[in-house]
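Heads up, the thing below is written out as structure tokens.
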Amino acid sequence: MGVYHFMGLGRSVGPVTAAVSYLAARYRRYDATDAEFFALSGEREQAGKRGDAQALVLFTTPEVRQAQKDGLCLDYVCNQLGQKVGPSHSNDPMPRALQTLLRADLAALAGGRREFDVYWCDVDRSDLGTTFERVARVLFAAKPPDKLGKEVWVNLTGGSNVVNMALQLATALSGAPARLYYLQADDIRLARPALPLVDLGSLRDRFWVELPIVYLAFDAAHRQVLETLQTLSGPVAETELLARLKQGSSFSEMDQQALRRELLVPLRGQQLVLWRDGHVQIGPRWNTFQRYYQVMAGFTSGAPETLQDLTRRKAGWFQVESISLR
């Protein structure tokens, strides 16, 4: 199983095309540094070369996806890898421009497939709530909880701040993506990296910027503690909180030491609870994060979806396009 590449997309082609070009160049070369770069891709027992791309998932506006007048491409230069010059283009329809620019590089990453799927997810650049909900739903469709052999890499370069906030928040809350990165280009008009092939992956490579993924420690037990505290008024003693929790079978074997170590310490560290002198209450950050946690929980509680399921059930905002690689 290959990698699902999640990317925000505005009116600049570079954040998508340069990322795919970079990946394809390193996949074709595949020296020791490239093998290490792709080492965690694919299934655990997979033999041979790793790094195949399974699909692109683009988060953009309907105007860009539909090539409306105010969604056409900004000026871009169709350069080759390692160069800064090439034919200039402007006002191209984004889907057509991406097909032209990506075909050869996707062929290198497709693992021998003759077609490559690009998923388009419509987002609202002025509505974080809706955008986050769609990002989260698509993320769990690409990588259902507890499913092995699937990997998601997230590119935080393109699109609006709202899109990238949603991608980063979904990454932190779910822990599902395996890689978070940003592209640092000297000229944002370039369709491909100006960095020479020999420099990719070296100390001279300032183009690909790996970002740390900071996971928020949060699961069903943490949520139950917070929901129980919400039903109580004001600070409550640890002993009373534990007694309430023990009314459910999940906490029947928990003692006060385990409550403190496994639940209260991480929740206090995230300011989701206030805990002092043996008493606990809801913390200042819970109201902010509660709605996002509830969205994530909603997508993990039922039967898992796939990306193909979403193209049927949510065709109004999620669609698939197959690019021929012949």
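What's counted below: heavy atoms across the whole structure, side chains too, no hydrogens, waters or symmetry copies. In this text, all values refer to a predicted model and were calculated from it rather than measured experimentally.
Between Y182 and W153, the ring center distance fails the sub-6.0 Å criterion. The aromatic ring centroids of F37 and W208 lie less than 6.0 Å from each other.
For the atom pair Q83 CD and Q80 CD, the distance stands at 6.0 Å (nearest 0.5 Å). Summarising the geometry, atom OG belonging to S21 is positioned 10.5 Å from atom CG belonging to L183; distances are rounded to the nearest 0.5 Å.
A donor-acceptor pair under 3.5 Å links the side-chain atoms of R11 to the main chain of L72, judged by distance alone. A donor-acceptor pair under 3.5 Å links the side-chain atoms of R26 to the main chain of T33, judged by distance alone. Listed for the T131 side chain is a donor-acceptor partner under 3.5 Å among the backbone atoms of D124. Put simply, the side chain of N155 never gets that close to the backbone of F6: no donor and acceptor are under 3.5 Å apart. Judged by distance alone, with hydrogens and angles left aside, the side-chain atoms of T60 form no donor-acceptor pair with the main-chain N or O of R65 at under 3.5 Å. Judged purely by atom type and a 3.5 angstrom limit, S202 uses its side chain to pair as donor or acceptor with the backbone of D199. With hydrogens and angles disregarded, a donor-acceptor distance shorter than 3.5 Å links the side chain of S174 to the backbone of A176. Using a distance-only test at 3.5 Å, with no hydrogens or angles considered, a donor-acceptor pair links the side chain of R103 to the main chain of S324. In terms of modelled atom types and a separation under 3.5 Å, the side chain of R206 and the main chain of Q184 share no donor-acceptor contact. Not one N or O on the side chain of R204 forms a donor-acceptor pair closer than 3.5 Å with the backbone of G201.
Side-chain contact check for V152 versus V3: every heavy-atom pair is 4.5 Å or farther apart. Counting heavy atoms from C-beta outward, V163 and F132 have side chains that stay 4.5 Å or more apart. Under the 4.5 Å side-chain criterion, counting only non-hydrogen atoms from C-beta, T61 is not in contact with D122. Considering only heavy atoms from C-beta on, V123 stays 4.5 Å or farther from V162 through its side chain. Looking only at side-chain heavy atoms (C-beta outward), V118 and I323 come within less than 4.5 Å of each other. Side-chain contact between F59 and V135 is present, with heavy atoms from C-beta onward closer than 4.5 Å. A heavy-atom distance below 4.5 Å is found between the side chains of R244 and L232. Looking only at side-chain heavy atoms (C-beta outward), R326 and E115 stay at 4.5 Å or farther from each other.
The hydrophobic cluster containing Y292 also contains F140, counting ILVMFWY residues as joined when their side-chain heavy atoms lie under 4.5 angstrom apart, directly or transitively. If you chain together hydrophobic residues whose side chains sit under 4.5 Å apart, L310 and L139 fall into the same group. The hydrophobic clustering, which links ILVMFWY residues whose side-chain heavy atoms are closer than 4.5 Å, places L23 and L197 together. No path of Ile, Leu, Val, Met, Phe, Trp and Tyr side chains, each step under 4.5 Å between heavy atoms, connects V77 with M94, placing them in separate hydrophobic clusters.
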Apply salt bridge (charged side-chain N to carboxylate O under 4.0 Å, His left out) to the pair E63 and K69, showing each step before the final yes or no.
CA-CA 8 Å; E63 293 82 3; K69 185 176 180 180; over 6 Å; no
Walk me through it: do Q54 and E151 pass the test side chain to side chain donor-acceptor pair (under 3.5 Å)?
CA-CA 9 Å; Q54 184 68 26; E151 186 165 318; over 6 Å; no
Residues Y27, K49; criterion side-chain contact (heavy atoms from CB on, under 4.5 Å); working and verdict:
CA-CA 9 Å; Y27 188 80; K49 198 172 181 179; 3.6 Å; yes
Start with the C-alpha gap between D105 and R28, add the side-chain angles, then the distance that decides, and say whether salt bridge (charged side-chain N to carboxylate O under 4.0 Å, His left out) holds.
CA-CA 9 Å; D105 288 328; R28 290 187 186 102; 3.0 Å; yes
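Salt bridge status for R189 with D75: absent, with no side-chain N to carboxylate O gap under 4.0 Å. A salt bridge does not link K84 to D187: none of the charged side-chain nitrogens sits closer than 4.0 Å to a carboxylate oxygen. R179 and E210 are joined by a salt bridge, as a carboxylate oxygen and a charged side-chain nitrogen come within less than 4.0 angstrom of each other.
The number of heavy atoms from other shown groups lying within 6.0 Å of CZ (R125) does not exceed 12. Around CD1 of I188, the count of heavy atoms belonging to other residues, nucleotides or ligands within 6.0 Å does not exceed 12. For D70, the CG atom sits in a packed shell: over 12 heavy atoms of surrounding residues, nucleotides or ligands are nearer than 6.0 Å. More than 12 heavy atoms of other residues, nucleotides or ligands sit less than 6.0 Å from atom CG of D309.
Across all their heavy atoms, E262 and H222 have their closest contact at O-NE2, 3.5 Å. A110 approaches L325 most closely through the heavy-atom pair CB-CD1, 3.6 Å.
Evaluation of the ring pair (Phe, Tyr, Trp, His ring centres under 6.0 Å) rule for F318 yields Y119 as partners, not counting sequence neighbours.
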Distance-only donor-acceptor pairs under 3.5 Å for side chains of residues 274-282, two or more places apart:
{"from": "W275", "atom 1": "NE1", "to": "E238", "atom 2": "OE2", "distance (Å)": "2.9"}
{"from": "H279", "atom 1": "ND1", "to": "D277", "atom 2": "O", "distance (Å)": "3.0"}

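Among residues at least two apart or in separate chains, ring pair (Phe, Tyr, Trp, His ring centres under 6.0 Å) pairs with a member in residues 82-109 are Y76-H89.
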